[in-house]
Protein chains: 2
Amino acid sequence: MPATPNNYIVQPVFKALKVLELVAEKGHDVSLTEVASELKLPKTTVFRYLQTLTAASFLRHDAQKDRYGVGGRFRSLARIDKSLHGLRTLAMPEMQRLLDIFNETINLAIVSEGHVVYVEMLEAKRALRMQARLGDRHPMHSTSLGKAILAFLPEEERKAILMTPLDFKTINTVTDRSALSRQLADIRRRGYAIETGENEDGSMCIGVPIFDENAYPVAALSLSAPERRMTTEITVEAVAMLRKAAGAVSAALGYAPEEFATASMAG
Amino acid sequence: MPATPNNYIVQPVFKALKVLELVAEKGHDVSLTEVASELKLPKTTVFRYLQTLTAASFLRHDAQKDRYGVGGRFRSLARIDKSLHGLRTLAMPEMQRLLDIFNETINLAIVSEGHVVYVEMLEAKRALRMQARLGDRHPMHSTSLGKAILAFLPEEERKAILMTPLDFKTINTVTDRSALSRQLADIRRRGYAIETGENEDGSMCIGVPIFDENAYPVAALSLSAPERRMTTEITVEAVAMLRKAAGAVSAALGYAPEEFATASMAG
DNA sequence: ACATTGGTTTCGCCGGACGGAAAAATCTGG
DNA sequence: CCAGATTTTTCCGTCCGGCGAAACCAATGT
């Protein structure tokens, strides 16, 4: 039956996914027998799958009516994926353009649990071993990416992150809270973050935030290059271009800078 | 080990879900070894899960770089769930209100593969065995729900559905294409659909469409009751209330009736 | 009270999932 | 362009845990 005669299919997994599909596709909560009969699988089996899927919160069990519906974990994963997917899709062309102009490494990162994680990265041909790899988690206070985001986080969250220990990455890393706070105020005013050798010696980084429709800094773009290549002139140019790119992405995400008192659609 | 000592967990499924979670949570595509080491599972096992998840299109395998990312099926399920979840959440209070007023069965349905499927249903206490059950699929041409949607579908899609055979449900079912077309034109003009005994003898139904932000009729609300209880007076009242309710849901979905030439955010 | 439907539990069997190891493919850097 | 390292894929014997029939239980309606 499988079009691709793949020998590495694990049946329990495959069948359980069918169950998940069915539940998600039906609009309403479904019962054990409903699933079993529709999928032509023994009740016992389906029962176990439903239990397992529920245990993993991919499904939710309505004890009241003894029905199963889509669960929180599934929704949360979907949400994560959607925002990331959208972000990447929007940012990629801008990043490509930046790469074309400067021929330096361009990074895209998001926040996750108080760290920045690199989500996309376009490397310059001539790149001399840039610091980060895709998926890496770096501290927020030692990267321009992180600082760009940190500066625009709501008071609450920023404070919370500043509470955590500020470790050294290099001798230049700013670990003094008040110094960092002052830097962040600067960044907020200017709209971009610059970091030189704080995360890695000899490397310099310019970071700018990307905002979503709630003016929340969901991500950041950065250009990173060896210090020696970054003349003042190039730096100024890069800042301008980065801000333009990030602005475009933000706009596409629905960010409206001058917005206030959002008359929302919430009942 | 499991906090909930559930004996009905099937390990392969559970572990495979962990794999899926991991892939979805990481922003970028991941490699086999990455997953294996992170989850502390043998590579062979993870390999099989990845294969299985990919076969079900929950993941996508980038043959180029030999990495795995979130797949189309997952995204499509997420999309379905999200719209349904949102729709239901918005519609439920309105439906409840309608039930309180009329004490007749209130239905919410969406389109799926040329049929209407009942997504939510509030039954009157005094209900005398209403026709449909949650999750049922009914033909579009024999229900007010279906007709309300059909009337506002884009030309293309409407034609397509009218092409399919129009079966009888009762002696009153309209199966003549041109007659149906005329009815639909009426519905379009008036903004609601009425059906009497076309889907089930002795039962009458009023249906109104719900639109999303693209002015697409994604769903419909209906009130259905025994014919004899629906006096002209009550009918008029019901139409008004239904339209109001559907209007509120549509608005919450972002439907802006007078919109044209949407100056979008697309770059 | 009985019948019917839907959910949970038991239990023994045996298939297929498992994972170590080896083979193949792919990626390094010299 | 070739050797070494790393990652992916294949193979295979073991055995465990998934399977499903059937029994059991709970709820509902006749």
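Here is how names work: the chains are called A, B, and so on, in the same order as the sequence lines, proteins then strands, and each is numbered from 1.
When ring centroids are compared, A:His138 and A:Tyr118 come within the 6.0 Å threshold.
Atom CD in B:Gln51 sits roughly 18 Å away from atom P in D:dT7 (whole-Å rounding). With rounding to whole Å, A:Asp62 atom CG is found 12 Å from C:dG7 atom P. In this structure, the CG atom of A:Leu32 is 12 Å from the P atom of C:dT9, given to the nearest Å. The distance from atom CZ of B:Phe47 to atom C1' of D:dT6 is 16 Å, rounded to the nearest whole Å. One can place CG of A:Asn7 at 13 Å from C1' of C:dG16, the figure rounded to the nearest angstrom.
Side-chain polar atoms of A:Arg73 and A:Ser76 form a donor-acceptor pair below 3.5 angstrom.
Across B:Lys65, B:Arg60, B:Arg67, a single residue satisfies salt bridge (Lys or Arg N to Asp or Glu O under 4.0 Å) together with B:Asp29, and that is B:Arg60.
Within the 4.0 Å cut-off from OP1 or OP2 of D:dT10, at least one side-chain nitrogen or oxygen of A:Tyr8 is found. Of the side-chain N and O atoms in B:Thr33, one or more sit less than 4.0 angstrom from OP1 or OP2 of D:dT8.
The shortest heavy-atom contact between B:Ala24 and A:Ile80 is O-CG2, 3.8 Å.
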Generate the contact string for nucleotides 17-30 of chain D. Rules: B means base contact, S means sugar-phosphate contact only, - means no protein heavy atom under 4.0 Å. -SBBBB--------
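Inter-residue side-chain proximity for B:Leu223 and B:Leu98 is flagged as unmet; no heavy-atom pair is nearer than 4.5 Å.
Using a 30° and 60° split on the angle between ring planes, B:Phe47 and A:Tyr8 fall in the perpendicular class, above 60°.
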